[in-house]
Amino acid sequence: MIMRRAGQRAQGGLGSGPERALIAASFVNRVGNGLFNTAAVLYFTFVVHLPAAQVGAGLTIAGLCGLAAGIPAGNLADRYGPRAIWLTSLALQAATMAAFVLIDSWLAFTLVATLDRLAATAGAAAGGALIARVGGERPAAFRARLRTFVNLGVVVGTLGAAFAIQVDTRSAYTGLILANAASFACAGLIAFLGVPNYRPLPRPEEHRRWSVLTDRPYVSFVAIYSAMGLQYQTVSLLLPIWLSAHTDAPRWTVAAVYAINSGVCVLFQSRLGSKVETPRQGGRAFRLAGLLFLVSCPLMALTADVPAWVAPVLAGLAVCIHSIGEVWESSGGYALGFGLAPDHA
């Protein structure tokens with residue numbers, strides 16, 4: 001990731017061409033994500049007929065393998081420019097997402113999910129650097145605006161996914177998956193046409209490829225951020241299975257809580273996130289996020305012990321609290337990541 005440095009960033013202000021292009025690309029991509037993520041677990045368990053435990057195991061393996069792509073992809077982005085690596089990752093994710101419609105076994109699912117995670121992790125590493133270059137003098141503020149549109153895209157996608165969940169047929173789920181694959185391709189095309197191919201920043205002579213591992217403050221931050229990152233799987237993976245298999249909540253509750261999650265982030269991301277720019281502010285945001293997660297997760301668990309009409313209400317309340325925590329967590333992580341990383345890396 002790259003910190004703010006005057007004269008070495010895109011010079012456009014608020015709403016500049018590269019900013020608009022990156023926001024548009026991210027919005028299109030997340031519409032596809034909203035279509036897929038809302039129904040993904042239901043597709044794998046009820047259509048492909050993989051047990052929930054196998055889906056969890058496959059995604060765990062994929063996630064652990066995906067960790068291997070982060071540092072190499074970041075080094076490549078620093079060496080060749082972030083746009084090239086980000087576009088490559090989008091192309092790979094378009095291919096892996098389309099491959100999900102062909103899986104018929106746990107082994108195939110795990111293989112495709114692993115390749116998808118490798119590409120996603122590489123894209124995240126390069127995407128952070130790209131946001132920094134596009135964001136100009138205040139990348140944290142631009143990041144907050146970007147996440148507002150990103151979450152709005154998820155809301156739009158979730159509305160389409162809700163229809164497919166109610167139809168509950170293989171063809172409906174297949175359509176969601178292929179639409180998500182197309183969103184990666186469209187996002188890549190928008191970024192290719194509208195986002196400049198920024199040149200890498202010069203490295204100091206003392207820089208070493210794995211020097212990040214000797215940077216104790218940054219490594220400590222990564223360890224904490226990794227643990228906090230588990231919260232993303234709570235709403236996108238665990239809660240849909242929980243509501244479907246262990247509560248009396250109607251099926252539409254899965255789409256509703258996902259829409260609430262994204263909607264809350266849309267409403268509060270810019271308002272809260274733009275105020276978190278320094279490492280000290282990021283630390284405070286992290287602490288507040290942790291407290292909110294501590295409240296929200298037990299509330300989600302209690303949905304199994306209430307009547308059918310109460311479960312959607314309780315799940316919605318829990319997700320609202322969780323989503324505000326997500327806003328603070330993502331804002332704090334971005335401020336700490338930029339504040340602790342050297343300019344060239």
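Positions are given from 1 along the sequence.
- Looking only at side-chain heavy atoms (C-beta outward), Pro312 and Trp252 come within less than 4.5 Å of each other.
- When the side chains of ILVMFWY residues are joined at heavy-atom separations under 4.5 Å, either directly or via intervening members, Tyr218 and Leu67 end up in two distinct hydrophobic clusters.
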Derivation and outcome, side-chain contact (heavy atoms from CB on, under 4.5 Å), residues Tyr225 and Leu336 | CA-CA 10 Å; Tyr225 200 23; Leu336 287 165; over 6 Å; no
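- The hydrophobic side chain of Leu159 is isolated, with no ILVMFWY side chain under 4.5 Å apart from it.
- Closest approach of Ile103 and Val48 over heavy atoms only: O-CG1, 4.2 Å.
- Under 3.5 Å, the side chains of Thr247 and Thr303 contain no donor-acceptor pair of N or O atoms.
- Between the OG1 atom in Thr253 and the CG atom in Leu314 there is a gap of 11.5 Å [rounded to 0.5 Å].
- The aromatic ring centres of Phe44 and Phe100 sit less than 6.0 Å apart.
- Leu76 and Trp86 fall into different hydrophobic clusters, where Ile, Leu, Val, Met, Phe, Trp and Tyr residues are linked whenever their side-chain heavy atoms come under 4.5 Å apart, directly or through other members.
- The shortest heavy-atom contact between Trp106 and Gly58 is NE1-N, 3.7 Å.
- In this structure, the side chains of Phe184 and Asn29 come closer than 4.5 Å at one or more pairs of heavy atoms.
- Smallest separation of non-hydrogen atoms from Phe142 and Leu22: CE2-CD2, 3.9 Å.
- Under the side chain to side chain donor-acceptor pair (under 3.5 Å) criterion, Thr234 pairs with no residue, sequence neighbours left out.
- Tracing side-chain contacts under 4.5 Å through hydrophobic residues (I, L, V, M, F, W, Y), one reaches Leu272 starting from Val319; they form part of the same cluster.
- Under a 3.5 Å cut-off, the side chain of Asn180 and the backbone N or O of Asn33 do form a donor-acceptor pair.
- In terms of modelled atom types and a separation under 3.5 Å, the side chain of Gln281 and the main chain of Thr278 share a donor-acceptor contact.
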Decide yes or no on side-chain contact (heavy atoms from CB on, under 4.5 Å) for Met300 and Val235, but give the supporting numbers first.
-> CA-CA 10 Å; Met300 294 179 193; Val235 175; 4.2 Å; yes
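- Annotation: side chain to side chain donor-acceptor pair (under 3.5 Å) contacts of Ser89 (sequence neighbours excluded): none.
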So Ile71 and Asn75, side-chain contact (heavy atoms from CB on, under 4.5 Å) or not? Walk me through it.
-> CA-CA 6 Å; Ile71 293 179; Asn75 284 326; 3.6 Å; yes
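- Nearest heavy-atom pair, Gly282 versus Ala335, reported as atom, atom and distance to 0.1 Å: CA-CB, 4.2 Å.
- Across Cys186 and Val28, no two heavy atoms sit closer than the pair CB-CG1, 3.8 Å.
- Looking only at side-chain heavy atoms (C-beta outward), Ser330 and Gln269 come within less than 4.5 Å of each other.
- Of all heavy-atom pairs spanning Leu35 and Ala179, the tightest one is CD1-CB, 3.6 Å.
- To the nearest 0.5 Å, atoms CG (Leu299) and CG (Leu317) are separated by 6.0 Å.
- Note that OG of Ser26 and CG of Leu152 are 12.5 Å apart. Values are rounded to the nearest 0.5 Å.
- Put simply, the side chain of Pro298 does not reach to within 4.5 Å of the side chain of Leu302, judged on heavy atoms.
- Between the Arg83 side chain and the Val195 main chain, a donor and an acceptor come within less than 3.5 Å of each other.
- To the nearest 0.5 Å, atoms CG (Asn261) and CG (Asn151) are separated by 7.0 Å.
- Side-chain contact between Ser183 and Val31: absent, with no pair of heavy atoms (C-beta onward) separated by less than 4.5 Å.
- Listed by first and then second residue, the salt bridge (Lys or Arg N to Asp or Glu O under 4.0 Å) pairs that reach into residues 287-309 come to none, sequence neighbours excluded.
- Atoms CG and CG, on Leu243 and Asp248 in that order, are 11.0 Å from each other to the nearest 0.5 Å.
- Two residues are said to be in side-chain contact when any heavy atoms from C-beta on lie closer than 4.5 Å; Phe109 and Leu59 meet this criterion.
- By the rule that hydrophobic residues join a cluster once side-chain heavy atoms approach within less than 4.5 Å of another member, Trp328 and Leu294 end up as members of separate clusters.
- Crowding of Phe192 atom CZ: a count of heavy atoms from other residues, nucleotides or ligands under 6.0 Å not exceeding 12.
- Distance CG/Leu189 to CG/Leu193: 4.5 Å, rounded to 0.5 Å.
- Residues Glu329 and Leu292 are not in side-chain contact: their nearest non-hydrogen atoms beyond the backbone lie 4.5 Å or more apart.
- Cluster annotation: Val306 is connected to Leu239 through the hydrophobic network of ILVMFWY side chains, with a link wherever side-chain heavy atoms come within less than 4.5 Å.
- By the side chain to side chain donor-acceptor pair (under 3.5 Å) test, Ser296 is found to be paired with His322, residues two or more places apart in sequence or in another chain being considered.
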If you look only at distance, which donor and acceptor atoms sit under 3.5 Å apart when one is on a side chain in residues 114-130 and the other is two or more places apart or in another chain?
unit_1, atom_1, unit_2, atom_2, d
Thr114, OG1, Thr110, O, 2.7
Asp116, OD1, Thr96, OG1, 3.0
Thr121, OG1, Gly66, O, 3.2
Thr121, OG1, Arg117, O, 2.8

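- Inter-residue side-chain proximity for Glu326 and Gln231 is flagged as met; some heavy-atom pair is nearer than 4.5 Å.
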